[in-house]
Amino acid sequence: MTEPLQPEDNPPTNDVRLRTLATVSSVVVWHTAPDGSVIAHNPSWQAFTGQTFDECRGWGWLDAVHPEDREAVGSHWTEGVRSGSLVDLTYRLKRYDGVYRHMAAQGAPVREDGQLQEWVGFCVDVTDSRRAEETLKASEGRLQFLDQLGQATRALTDADELMQVTARMLGQHLGATRCAYADVEADSDRFTIRHDWALEGVASSAGVYSLDLFGPLATSNLRQGHHLVVHDVDKELGEDGGARMFKAIGIRAVVCTALVKEGRLVALMAVHQATPRQWTAAEISVIEDVVDRCWAHIERVRDSAMLHEQDRRKDEFLATLAHELRNPLAPIKYAVAVMRKGAAGADGARAHEVIDRQVSHMARLIDDLLDLSRINRGLIQLKLQPVLVADLVRQGLVTATPAIDAARHHLEVQVADEDLWLNADPARMVQVIGNLLTNAAKYTPDGGQIRLTARREGREALISVADNGIGVPQEQQGQLFKMFTQLPHTAERTQGGLGIGLALVRTLMEMHGGRVAMSSAGLDEGSTFTLHVPLAAATVQPDAIPASPEAPAPAAEGGTRVLVVEDNKDGRETLMVLLEAMGYVVAGAADGLEGVSVAGSFLPDVVLLDLGLPRMDGFGVARALRSDPKFKDVHIVALTGWGTDQDRVRTTEAGFNAHLTKPVEPDVLEAYLAGLLTERKQAATGH
């Protein structure tokens, strides 16, 4: 049998019950006398507002209405009572917990036999629905603005213009005093406002600033991607916390939204207000959205601009390369035509010189291209050794003297200290110095002045090349060391080139742990290039840089046999003629299989072997010869256009004795063969 419910020992009071009712219900029922005053206890009203009957009696109920709404509610209610019409009000009503809630109130007169007896009605708490409506409205406004911004910037292809339009539209949308978009430098310590939008009469904030001006806390937050939101700089920031900087440019409230990509602060959007302002979450949200969208668009614009620039530079480079390679071909063809006509004496000698000079020029162009490609792919390894700066300067002068003499320049050389030692790759340092001297000769009008100096400064050696040539305008100096760059002002005054010499200089210097600096007072004011190279830690007596090889006397012994395996007919036949002129017995083969066959009957002492051969490549030929005992002493030399370190490793592993890169200088080839014969003779005689 179920026990009957027993009364609680401590039942809830009426106040508790009513407050519980008010908590779970959003409706307040009310009633008043015909004149609109409260004359009876209203449990529902008391539960919601906490007012007792004595507090709300008469017109005391108005005390629960928000002070800003009280007068309007009283007037509206009095007018409704006077006219006897339906009452419909919205106002803020203080709940028992002190929180004001938005209420929608409706009331109606109760009549009996035509006489007004009382007013009854209800108030509904519409705070949540009103807030949702405002949120929806704000969201719609935000989406509408973002759509308008997208429409306005979609076709823009210039990053600066994109920033300007974005700052203007965001500033106007928020009713701000000023709006600025800033790029943050790679060091994350400075930011640059290139353009901003501001109300008429408000100064621009464009310029370069230090992030430290925001104060340590704000700076740390921005670098982590947190936003800086200040409603009143005087109240929220101390003078050392950023207030001084903000007030200096007329800011009393600010939102600074940070954009962090891959752990680095890359951009800022700052919205300024000249008076204190309570920024809303919706306003901060729209600024965030604008920064994200703007940066994504800027990245696309910049990437597109970079691709267009790369395409333009590629086209210019290919056109320049074609021009530079065709230029030497013309005098070579003319010189060949002169020789065909049987020119002798001075004319014949001049034709030979032209061919030699132009082929050397083409070889230098190709070497520069290959060097830059190898360096960019990490295929070049420096061969460091102790070396004297004075020796490097002398060797650099050897490579550049023909260009300097041809232009009749006056050259001054001053090495302040003959005992400056570097730990460097001699060949690459000579290449760098030679490039700077050749560059000076090229961009200095005939009969100019060139000065080469070397001195010690602290722990560095400074090697400078100065000229009184065409100079470089200030705005173009930052482009000098970019690959394939030819500056506009040099178009009519240069003597050609691919625009890679200075890029190669910079890269080689960086590989040595040094740097190259350039200075020029401007157009027609000359230029100075200075190499900063770390001095060697200790002085060690190294082997001297080998001097340029002198042409040896034709010392080929009669009967020394050289086999040339080369598929290019002109190359093979001219090399065979050259070797015969040096006194060697020569045979040739046009492909790999023929080379192995000819070697079997010719029994060469030396094989000059191309690698890219038809039917059997050079590696296959070398392996075939090395597998035959009768060729155990043959000297196999790769003579090829492939010249990377990996290519040299491959030829060594395949059994080659040496690796020479085309086009090899005839003097170098003659010296190499003569040295080889000398070694063999000494080995045979034991001396």
Side-chain angles (χ1 to χ4, degrees), residues 332 335-336 339-340 348-349 351-360 362-363 548-614 616-619 621-622 624-626 630-643 651 655-684:
I332 289 173
V336 169
M339 295 171 65
R340 280 178 178 164
H352 284 92
E353 290 174 0
V354 166
I355 293 173
D356 180 67
R357 185 165 53 250
Q358 297 302 323
V359 169
S360 296
M362 293 180 71
S548 299
E550 297 180 359
E557 300 177 2
T560 301
R561 299 171 173 276
V562 180
L563 171 62
V564 178
V565 186
E566 166 66 71
D567 61 325
N568 184 296
K569 182 179 180 182
D570 288 341
R572 181 177 68 254
E573 292 180 352
T574 52
L575 180 56
M576 290 173 66
V577 170
L578 177 63
L579 291 169
E580 287 173 348
M582 294 177 184
Y584 296 98
V585 178
V586 185
D591 60 58
L593 288 178
E594 184 182 355
V596 174
S597 175
V598 171
S601 57
F602 183 62
L603 299 177
D605 300 296
V606 180
V607 178
L608 299 180
L609 180 58
D610 190 17
L611 298 181
L613 296 167
M616 177 187 288
D617 66 16
F619 295 102
V621 173
L625 295 180
R626 289 300 181 212
K630 66 175 175 285
F631 295 118
K632 65 183 179 65
D633 294 325
V634 69
H635 198 89
I636 305 176
V637 180
L639 188 58
T640 174
W642 301 100
T651 54
F656 287 78
N657 298 94
H659 189 118
L660 299 178
T661 304
K662 295 177 182 177
V664 63
E665 291 288 340
D667 290 347
V668 172
L669 178 61
E670 188 171 5
Y672 175 80
L673 292 174
L676 175 62
L677 293 177
T678 300
E679 289 178 8
R680 288 195 166 193
K681 182 177 180 180
Q682 291 174 345

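- In terms of heavy atoms, Glu566 sits closest to Arg572 at O-NH1, 2.6 Å.
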Inset, instruction - With side chain to side chain contact (heavy atoms under 4.5 Å, CB included) as the test, would you mind laying out the steps for Glu573 and Val577 before giving the verdict? - result: CA-CA 6 Å; Glu573 292 180 352; Val577 170; 5.6 Å; no

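- Residues Leu575 and Leu639 meet the side-chain proximity criterion, which asks for heavy atoms closer than 4.5 Å.
- Pairing each heavy atom of Glu580 with each of Val586, the nearest pair is CG-CG2, 3.7 Å.
- Taking CG from Asp617 and CG from Asp567, the interatomic distance works out to 11.5 Å, rounded to the nearest 0.5 Å.
- Counting heavy atoms from C-beta on, the side chains of Leu579 and Leu608 come closer than 4.5 Å.
- The two residues Ala622 and Phe656 have their closest heavy-atom pair at CB-CE1, 3.5 Å.
- The minimum heavy-atom distance linking Val596 with Ala624 is given by the pair CG2-CB, 4.0 Å.
- Classified by interplanar angle (parallel below 30°, tilted 30° to 60°, perpendicular above 60°), the ring pair Tyr672/His635 is tilted.
- Here Leu625 pairs with Ala599, Val607, Val621, Phe631, Ile636 under the side chain to side chain contact (heavy atoms under 4.5 Å, CB included) rule; sequence neighbours left out.
- Ala638 and Thr651 get closest at one heavy-atom pair: CB-CG2, 4.0 Å.
- Screening residues 588-601 for salt bridge (charged side-chain N to carboxylate O under 4.0 Å, His left out), with sequence neighbours left out, gives Asp591-Arg615.
- Checked by atom type and distance alone, the side chain of Ser597 never pairs as donor or acceptor with a backbone atom of Leu593 at under 3.5 Å.
- In this structure, Lys632 has no side chain to side chain contact (heavy atoms under 4.5 Å, CB included) partners at least two apart in sequence or on a different chain.
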Inset, instruction - Starting from the C-alpha separation in whole Å, work towards a yes-or-no answer on side chain to side chain contact (heavy atoms under 4.5 Å, CB included) for Asp605 and Tyr584. - result: CA-CA 10 Å; Asp605 300 296; Tyr584 296 98; over 6 Å; no

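- The two residues Phe619 and Leu611 come nearest to each other via the heavy atoms CZ-CD1, 4.0 Å.
- With hydrogens and angles ignored, the 3.5 Å screen pairs no side-chain donor or acceptor of Asp610 with any backbone N or O of Val565.
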